[in-house]
Amino acid sequence: MIVKVLGPGCANCVTLEKRTRQALADLGLDVSVEKVTDYAQIAAYGVMTTPGLVVDEQVVLQGRVPTVAALGELLGAAARA
């Protein structure tokens, strides 16, 4: 599984990255999290409102920062797929 956090480095982007890492740790998944800060790369995913979360090259979240529990459900489902 490949996980990417899209965002220029704003507070919400940093929070999403931290919560994503925590959710992955809670699930026991050893997955690297890539930070994408380049606006052209972010736009290439079709994300116009950051932060965004990409799992296996599919945008699964944009424009909000869910709880660790909600991210765990999202990432757990992606891991089982």
Side-chain angles (χ1 to χ4, degrees):
M1 181 164 58
I2 300 168
V3 178
K4 297 178 182 179
V5 176
L6 311 179
C10 64
N12 283 340
C13 301
V14 172
T15 301
L16 179 61
E17 182 180 3
K18 286 180 185 176
R19 290 182 183 179
T20 298
R21 290 182 188 279
Q22 182 62 53
L24 289 167
D26 291 350
L27 291 168
L29 297 174
D30 185 21
V31 176
S32 65
V33 177
E34 181 182 334
K35 183 81 166 145
V36 178
T37 58
D38 181 70
Y39 287 107
Q41 289 179 331
I42 293 168
Y45 283 103
V47 173
M48 294 297 136
T49 307
T50 59
L53 187 67
V54 175
V55 177
D56 293 332
E57 296 304 312
Q58 296 290 329
V59 176
V60 295
L61 178 80
Q62 65 176 314
R64 62 188 180 91
V65 182
T67 64
V68 173
L71 283 166
E73 290 177 18
L74 183 85
L75 295 167
R80 290 187 294 275

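Reckoned from all heavy atoms, side chains included, excluding hydrogens, waters and symmetry mates.
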State which residues pass side chain to side chain contact (heavy atoms under 4.5 Å, CB included) with D30; sequence neighbours excluded, sorted by chain then number.
-> none
Hey, what else clusters with V54 if you join Ile, Leu, Val, Met, Phe, Trp, Tyr whenever side-chain heavy atoms sit under 4.5 Å?
-> L6, V36, I42, Y45, V47, V59
T37: side chain to side chain contact (heavy atoms under 4.5 Å, CB included) partners, not counting sequence neighbours | K35
With sequence neighbours excluded, residues passing side chain to side chain contact (heavy atoms under 4.5 Å, CB included) with Y39 | P8
Scan V5, L53, I2, L16 and name whichever one has a side-chain contact (heavy atoms from CB on, under 4.5 Å) with V33.
-> V5
Provide the full list of salt bridge (Lys or Arg N to Asp or Glu O under 4.0 Å) pairs with a residue in residues 11-26, sequence neighbours left out, each pair given once.
-> E17-R21
According to the salt bridge (Lys or Arg N to Asp or Glu O under 4.0 Å) rule, which pairs have a member within residues 43-61, sequence neighbours left out?
-> K4-E57
On a heavy-atom basis, the closest approach of Q62 and T49 is CB-O, 3.7 Å
Side-chain donor-acceptor pairs of residues 66-81 under 3.5 Å, sequence neighbours excluded:
{"from": "T67", "atom 1": "OG1", "to": "A70", "atom 2": "N", "distance (Å)": "3.0"}
{"from": "R80", "atom 1": "NH1", "to": "G76", "atom 2": "O", "distance (Å)": "3.3"}

